[in-house]
Protein chains: 2
Amino acid sequence: MFNRMQNQIPWWHGRFRGGGYRLTVARQAILNVLGKSDKHLSAEDIYLAVHKVYPAIGLTTVYRTLELLVQMKMVFKFDFGDKRARYELAEGVQGTKHHHHLVCSACGRIINYTDFIDKEIELLNQTEKGLQEKFNFKITNHIIQFYGLCDKCQKNG
Amino acid sequence: MFNRMQNQIPWWHGRFRGGGYRLTVARQAILNVLGKSDKHLSAEDIYLAVHKVYPAIGLTTVYRTLELLVQMKMVFKFDFGDKRARYELAEGVQGTKHHHHLVCSACGRIINYTDFIDKEIELLNQTEKGLQEKFNFKITNHIIQFYGLCDKCQKNG
DNA sequence: ATTGAATATGAAAACCATTATCAATAACGG
DNA sequence: CCGTTATTGATAATGGTTTTCATATTCAAT
């Protein structure tokens, strides 16, 4: 019973070993950061958070690991138009819910919303099916995003 | 009747002068390129096309002009995930139809589609209204895009 | 536990689309 | 035609992301 937490194999162990990848300190640290955050972290955000616990882990490794995690479909990569990529745990991983984003063009604030999602998904599925048939395109993913001004920026603008 | 084409004031004349902007050779050349192309040009694509006719026009001017045109809402700027921005004439300008994009992740091919658009627009409008009310967000625009593999890349993959 | 082979990492340099700088040029109202 | 002021081009700078390459780590086999 003692030492249970430390020695327990984390849920992602199989995902790595199964894919032929090694389970390194850096990769676990990065996944931990992503798992604890409420999202939209840039590579540098993640680097800084990881750096507090493991100062030896470099920014290059963060980039490389994120690329790997995206490829493994454990992480989603987003572009909110502010020149830096943003990352968050993929839907389903660690109970992450499907959601879309609302981005303030002025201050960069990002709101996750899950409202109206059901209808969106439904339409998306229909459209995907239609597009697959018409263009013989095998659709793997989609992006839906809204841009605008948040309440604060409307007042200050 | 003679010289009619050359001397006619182009449709965009008023848009510039009305906004306090000058109607320069570079700006007209860039608009011409955008108007003749069937879309998704990068800044460099545009620069090269313009360069054939006006070798003196530099890449910097192309970037600056595109920025201006986007701000004037005459041009849309897109990101298809290949590190370079893409531009096309805005909806309504020169009869451009509203459409969305289907992007091949493998070869970068982009297909415009107008099918299913009506339902998409309808849903988007509903969602926008809902989001405005719930989050007090003033929505200005949206992005909807599908990614996948085109028929060729499915075979070669 | 130790070892060896292959993967993963860090520091630094390279990349490359886009922006900023600044002196020279062009647009256009008068 | 002139003068004012926006616009431009060459060049340098920026900054997030990738490459490079020598070193360190993982982990299966011993």
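So you know, we letter chains A, B, ... as the sequences are listed, proteins then strands, and number each from 1.
- One can place CD1 of B/Ile30 at 12 Å from C1' of D/dT7, the figure rounded to the nearest angstrom.
- Between the P atom of D/dA28 and the CG atom of A/Leu23 lies a distance of 11 Å, rounded to the nearest Å.
- Taking side-chain N and O atoms only, B/Thr24 has a distance below 4.0 Å to OP1 or OP2 of D/dT8.
- B/Phe16 places its CZ atom 15 Å from the P atom of C/dG29, with the value rounded to the nearest Å.
- Here D/dG16 presents its P atom at 12 Å from CG of A/Leu48, a figure rounded to the nearest Å.
- Atom NZ of B/Lys138 has 12 or fewer heavy atoms from other residues, nucleotides or ligands within 6.0 Å.
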Derivation and outcome, side chain to side chain contact (heavy atoms under 4.5 Å, CB included), residues B/Tyr87 and B/Ile30: CA-CA 11 Å; B/Tyr87 302 86; B/Ile30 291 166; over 6 Å; no

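- Proximity of a side-chain donor or acceptor of B/Thr140 to a complementary backbone N or O of A/Tyr147 within less than 3.5 Å is detected.
- Enclosure of atom CD in A/Gln94 by more than 12 non-hydrogen atoms of other residues, nucleotides or ligands within 6.0 angstrom is indicated.
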Per-nucleotide protein contact string for nucleotides 13-24 of chain C (B base, S sugar-phosphate only, - none; heavy atom under 4.0 Å): ----SSBBB---

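- A donor and an acceptor atom, one from each side chain of A/Asn112 and A/His101, are located under 3.5 Å apart.
- With rounding to whole Å, A/Gln28 atom CD is found 14 Å from C/dA8 atom P.
- Here the nucleotide nearest the side chain of B/Val25, chosen from C/dA6, C/dA27, C/dT9, is C/dA27.
- One interatomic measurement links the two molecules: CZ of A/Arg27 to C1' of C/dA8, which rounds to 6 Å at whole-angstrom precision.
- Residue B/Arg17 has a polar side-chain atom (N or O) positioned under 4.0 Å from OP1 or OP2 of C/dG29.
- At whole-Å resolution of the value, OH in B/Tyr54 and C1' in D/dG9 are 17 Å apart.
- Judged purely by atom type and a 3.5 angstrom limit, B/Gln126 has no side-chain atom pairing as donor or acceptor with the backbone of A/Phe116.
- A donor-acceptor contact under 3.5 angstrom links the side chains of A/His99 and A/Glu88, judged on distance only.
- Distances from the side chain of A/Arg22 to the nucleotides C/dT7, D/dT8, C/dT9 place C/dT7 closest.
- Rounded to whole angstrom, the span from the OH atom of B/Tyr21 across to the P atom of D/dT8 amounts to 12 Å.
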